[in-house]
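First up is the structure itself, then whatever we jot down about it.
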Amino acid sequence: MNEIRIAPSILAWDLGDLERAVEISVEGGADQVHLDVIDGHFAPNITFGPGTVKALRPRCDLKFDTHLMIDGPQVYAEKFLDAGSDLLTFHAEVLDGKSFDILHGLVRSKGKEVGLAVKPKTNLPKWAIDRLDKISTLLVMTVNPGFSGQAMDMSVMPKLQEISKLVEERGLDTDIEVDGGVEPENVHEVVKRGGNVLVAGAGVYAKKDPVKAISELRTKAMDSRKSL
Ligand code: DX5
Ligand code: ZN
């Protein structure tokens with residue numbers, strides 16, 4: 001089982017002050033910064049693009065975990081890599097085996113990591129199961145993409161467990177990232193089903209003390225892990 005990692009989603013902070021959002025992640029000891037890119041087509045919101053990722057890059061050394069909720073990621077993947085993304089996560093809903101292979105080749109040629117995400121109602125497609133060893137992070141969405149601050153959809157839990165089991169059976173060290181509505185109250189449900197990378201938007205940035213919220217999530221997750 002991979003170590004617990006906390007990935008604050010800066011979408012939940014004041015979008016006019018993303019520099020502070022990144023600083024909070026650093027001060028709180030986060031492992032990676034989760035950057036939600038939404039294009040208004042794949043999901044009903046528009047956030048930011050490669051220019052913002054590039055502008056934030058010199059402001060911290062944390063891993064940039066870029067979650068591309070966009071149609072046609074082929075058009076933008078290289079731009080996000082050049083902007084400083086370390087992990088580029090694509091949605092399974094807009095790919096097939098062939099287009100995944102091309103993107104995988106591109107990301108790996110730059111020495112970066114490939115993630116694959118699924119929306120709450122999407123099962124891991126066969127082409128992805130056949131390519132599991134090429135995916136460093138499987139991102140399981142527990143809200144419909146678009147906005148921070150939604151409640152976690154607990155009906156996704158059986159799928160989370162199945163995906164974790166599949167990874168374990170194959171003997172892979174794939175990170176299982178859970179994204180959407182993560183709060184201290186549900187961390188145990190996620191960790192006990194194999195989630196190890198916890199994305200938290202409102203669960204960090206809407207708290208009174210966001211810096212402290214990061215370590216509190218970590219403590220909760222580690223305690224859950226120990227209790228298993
Ligand atoms: C949803 C994004 C999530 C979201 C997380 O479209 O992918 O990363 O911002 O925010 P919370 O934790 O508030 O659900
Ligand atoms: Zn996300």
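When a ligand or atom number is given, it counts from 1 through the structure's own listing order.
The local environment of NZ in K54 is sparse, with at most 12 non-hydrogen atoms from other residues, nucleotides or ligands closer than 6.0 Å. Environment of OH in Y76: sparse, with no more than 12 heavy atoms of neighbouring residues, nucleotides or ligands closer than 6.0 Å. The local environment of NZ in K220 is sparse, with at most 12 non-hydrogen atoms from other residues, nucleotides or ligands closer than 6.0 Å. Within a 6.0 Å sphere centred on CG of D61, heavy atoms belonging to other residues, nucleotides or ligands number 12 at most.
Taking distances strictly below 2.8 Å, the protein N/O/S atoms close to the Zn ion (ligand 2) are H34 NE2, D36 OD1, H67 ND1, D179 OD2.
Each of the following atoms of ligand 1 lies closer than 4.0 Å to a heavy atom of S148: 9 (O), 10 (O), 11 (P), 13 (O). Near H67, meaning under 4.0 Å from any of its heavy atoms, are these atoms of ligand 1: 7 (O). In the vicinity of A202, heavy-atom distances shorter than 4.0 Å reach the ligand 1 atoms 11 (P), 12 (O), 13 (O). Those atoms of ligand 1 with a heavy atom of H34 less than 4.0 angstrom away are 8 (O). Near A200, meaning under 4.0 Å from one of its heavy atoms, ligand 1 places the atoms 12 (O). Which parts of ligand 1 touch G149 is read off a 4.0 Å heavy-atom cut-off, strictly below it: atoms 11 (P), 13 (O), 14 (O). Counting atoms of ligand 1 from 1 in the listed order, those under 4.0 Å from a heavy atom of L11 are 9 (O). Every atom of ligand 1 is numbered from 1 in the order shown, and the set under 4.0 Å from a heavy atom of G180 is 14 (O).
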Going through the distances and angles, do D82 and K110 end up as a side-chain contact (heavy atoms from CB on, under 4.5 Å)? CA-CA 9 Å; D82 292 345; K110 305 245 180 195; 3.1 Å; yes
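What sits closest to atom 5 (C) of ligand 1 on the protein, heavy atoms only, is D179 OD1, 3.5 Å. Of the protein's heavy atoms, G201 N, 2.7 Å lies nearest to atom 12 (O) of ligand 1.
Between Y205 and S25, the side chains place a donor N or O and an acceptor N or O closer than 3.5 Å (distance only, hydrogens not considered). When only modelled atom types and interatomic distance are considered, E93 and T122 share a side-chain donor-acceptor pair under 3.5 Å. No side-chain donor from either of D153 and T142 sits under 3.5 Å from a side-chain acceptor of the other.
Every residue meeting the ring-ring contact (aromatic ring centres under 6.0 Å, His included) condition with H34, not counting sequence neighbours, appears here in chain and number order: H67.
Annotation: cation-pi geometry not satisfied between K112 and F80 (NZ/CZ under 6.0 angstrom from ring centroid, within 45° of ring axis). Cation-pi geometry between R131 and F100 is not met at under 6.0 angstrom from the ring centre and within 45 degrees of the axis.
Only the side chain of S9 comes within 4.0 Å of ligand 1, judged by heavy-atom distances.
For M152, the closest heavy-atom approach to ligand 1 does not fall below 4.0 Å.
Taken together through direct or relayed side-chain contacts under 4.5 Å among Ile, Leu, Val, Met, Phe, Trp and Tyr, F48 and V75 form part of one hydrophobic cluster.
Evaluated by nearest non-hydrogen atom to atom 14 (O) of ligand 1, the leading choice among G146, P145, A7, G181 is G181.
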